[in-house]
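Working notes for the structure below.
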Amino acid sequence: MYERLFVALQHVLPKKLLTRGAGRLAGLHGGRATAAFIGWFVRRYGVDLNEAADPDPASYACFNDFFSRSLRPGARPLADADFLCPVDGAISQFGPIERDQIFQAKGHAYSTAALVGGDRRLAARFEDGEFATLYLSPKDYHRIHMPCAGELLQMTYVPGELFSVNPATARGVPGLFARNERVVCVFEGEFGPFAVVLVGAAIVGSMATAWHGVVNPPRRPDIEKRSYADGEVVLARGEEMGRFLLGSTVVLLFPKGVLRFASEWGAGRAVRMGEAMAQLRRPD
């Protein structure tokens, strides 16, 4: 009952207005009030500040600085794996793309073409490939890293809704990740193309990439695509590629026959940036 009510309310609440207001508040330099709120947030959500490069809640000028905090050196060692988990969070779903359909939750799937903003030529490169959907909760580290080395080909801003992306909403809103605002980053790796899709959500005031900076706000009404020249943006395995201000979701897309997920991966499992996600499929 609670879950259905929570989802129903999201259809009628002014999500963009609330998100705009929350973004402004999160950027305020409020002195003691900001420090007090950050302290409350740390206690409420169990944030481990011992991992942060700066563990003092009072040292952050605004909530956004705290939320997008960096980690101390060595806090996330990189596993000996071909593909690394790019974020701290939990596995929402992962596995094969069925032709062009990505599994969201029981009874719900959406197309790769819808996810990447209607680019069917791009979507076709991931037909029968593999995907992983990773959910970042409020307590998590909110920087996004590269699952493997890659050269940036294009970045596309796709306007959309701002539903929550928590598990209850994923179960209750069809096509959630292809309906919300998102930033689609397409790379070329040693095995071919792969995509890292940053999905916005309610109260997510901003998404940013390492090469562009803040992508939103402002929120625009139309799809915007940027292409990048050869060698313009090349990122190493494990290198930071983006960040959220407040929690959201990352969807990864890989071509057919490229990788095999780690045996310990399972839906609902907590994950940390830098742990082994998958290995390349190699000829026997």
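Note that the numbering runs from 1 along the sequence shown for the chain.
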- Minimum-distance pair of heavy atoms, taken over all atoms of Ala276 and Ala262: O-CB, 4.1 Å

- Task: Quick one: closest heavy-atom pair of Thr209 and Cys185, and the distance?
- Result: CG2-SG, 4.2 Å

- Query: Between the side chain of His108 and the main-chain N/O of Arg171, is any donor-acceptor distance below 3.5 Å?
  - Reply: yes

- Do NZ/NE/NH1/NH2 and the carboxylate oxygens of Glu264 and Arg269 come within less than 4.0 Å? no

- Query: Tyr45 and Tyr141: same hydrophobic cluster, using ILVMFWY side-chain contacts below 4.5 Å?
  - Reply: no

- Item | Closest approach of Thr34 to Ala61 (non-hydrogen atoms, all atoms of both residues) | CG2-O, 3.9 Å

- Task: Using atom types as modelled and distance alone, determine if a side-chain donor or acceptor of Arg237 lies under 3.5 Å from a backbone N or O of Ala81.
- Result: yes

- Note on the structure: d(Leu84 CG, Arg76 CZ) to nearest 0.5 Å is 13.0 Å

- Query: How about Phe254 and Phe126: are their ring centroids closer than 6.0 Å?
  - Reply: no

- If Ile, Leu, Val, Met, Phe, Trp and Tyr residues are connected whenever their side-chain heavy atoms lie under 4.5 Å apart, and connections chain through other members, are Val186 and Ile223 in the same group? yes

- Roughly how far apart are Gln279 CD and Asp82 CG, rounded to 0.5 Å? 4.5 Å

- Salt-bridged, Arg143 to Glu240, with N to O below 4.0 Å? yes

- Query: Less than 4.5 Å apart, any side-chain heavy atom of Pro57 and any of Leu49?
  - Reply: yes

- Query: Rounded to the nearest 0.5 Å, how far does CE of Met146 lie from CG of Leu235?
  - Reply: 5.0 Å

- Message: Measuring only between side-chain heavy atoms, which start at C-beta, is Ile102 closer than 4.5 Å to Leu253?
- Response: yes

- Query: Any side-chain heavy atom of Ile38 within less than 4.5 Å of one from Phe67?
  - Reply: no

- Message: So Leu136 and Thr249, do their side chains get closer than 4.5 Å, heavy atoms only?
- Response: no

- Message: Could you tell me if the side chain of Glu181 sits less than 4.5 Å from the side chain of Tyr157, heavy atoms only?
- Response: yes

- Note on the structure: Heavy-atom nearest pair, Val196 first then Pro147, reads CG2-CD, 4.3 Å

- Any side-chain heavy-atom pair from Leu198 and Phe244 closer than 4.5 angstrom? yes

- May I ask you to decide if the ring planes of Trp211 and Phe187 are parallel, tilted or perpendicular, using 30° and 60° as cut-offs? perpendicular

- Stepwise side-chain contact (heavy atoms from CB on, under 4.5 Å) check, Leu280 with Val258: CA-CA 6 Å; Leu280 277 171; Val258 164; 3.9 Å; yes

- Message: If you count every heavy atom of other residues, nucleotides or ligands that lies below 6.0 Å from Arg120 atom CZ, does the total exceed 12?
- Response: no

- If only atom types and distance count, is the side chain of Gln93 paired as donor or acceptor with the main-chain N or O of Thr133 below 3.5 Å? no

- Find out whether Asp230 and Glu151 are in side-chain contact, i.e. whether some heavy atom of one side chain is under 4.5 Å from a heavy atom of the other. yes

- Item | Side chain proximity check, Pro159 to Asp222, heavy atoms < 4.5 angstrom | no

- Message: Please determine whether the number of non-hydrogen atoms from other residues, nucleotides or ligands lying under 6.0 Å from atom CZ of Arg32 exceeds 12.
- Response: no

- Item | Donor-acceptor contact present, side-chain Asp88 to main-chain Arg272, <3.5 Å | no

- Are the side chain of Asn216 and the backbone N or O of Met207 linked by a donor-acceptor pair below 3.5 Å? yes

- Test side-chain contact (heavy atoms from CB on, under 4.5 Å) applied to Val215 and Arg182, step by step: CA-CA 10 Å; Val215 178; Arg182 54 207 180 276; over 6 Å; no

- Look at the aromatic rings of Trp265 and Phe261 and report parallel, tilted or perpendicular, splitting at 30° and 60°. parallel

- Query: Would one find more than 12 heavy atoms of other residues, nucleotides or ligands at under 6.0 Å from atom CZ of Arg226?
  - Reply: no

- Of Phe94, Phe191, Phe194, which is the lone residue that meets ring pair (Phe, Tyr, Trp, His ring centres under 6.0 Å) with Phe83? Phe191

- Item | Taking every non-hydrogen atom, the tightest pair across Leu134 and Pro86 | CD1-CD, 3.6 Å

- Message: Return the CZ to SG distance between Phe37 and Cys62, rounded to the nearest 0.5 Å.
- Response: 12.0 Å

- Query: Under 4.5 Å between side-chain heavy atoms, hopping through other hydrophobics if needed: is there a path connecting Val234 to Leu153?
  - Reply: no

- Note on the structure: Note: Ser111 and Gln101 closest approach over all heavy atoms is CB-NE2, 3.7 Å

- In sequence, state the C-alpha distance, the side-chain angles, and the governing distance for Phe131 and Thr112, and then conclude on side-chain contact (heavy atoms from CB on, under 4.5 Å). CA-CA 10 Å; Phe131 81 96; Thr112 51; over 6 Å; no

- Trace of the side-chain contact (heavy atoms from CB on, under 4.5 Å) decision for Met155 with Val183: CA-CA 7 Å; Met155 178 181 77; Val183 177; 3.7 Å; yes

- Rounding to 0.5 Å, atoms SG (Cys85) and CE (Met273) come to a distance of 8.0 Å

- Message: One pair to check against salt bridge (charged side-chain N to carboxylate O under 4.0 Å, His left out): Glu130 and Lys256. What are the steps and the verdict?
- Response: CA-CA 7 Å; Glu130 303 285 341; Lys256 180 180 179 180; over 6 Å; no

- Reported CG-to-CZ distance for the pair Asp119 and Arg125, which is rounded to 0.5 angstrom: 10.0 Å

- Query: Between Phe66 and Arg69, is there a cation-pi geometry (under 6.0 Å to ring centre, at most 45° from the normal)?
  - Reply: yes

- Message: Using only atom types and a distance under 3.5 Å, with no angle test, would you say the side chain of Asp128 pairs donor to acceptor with the backbone of Arg99?
- Response: yes

- Looking only at atom types and distance, does a side-chain atom of Asp54 sit under 3.5 Å from a main-chain N or O of Asp56, one as donor and one as acceptor? yes

- Item | Short side-chain to backbone donor-acceptor contact, His142 and Asp140, under 3.5 Å | yes

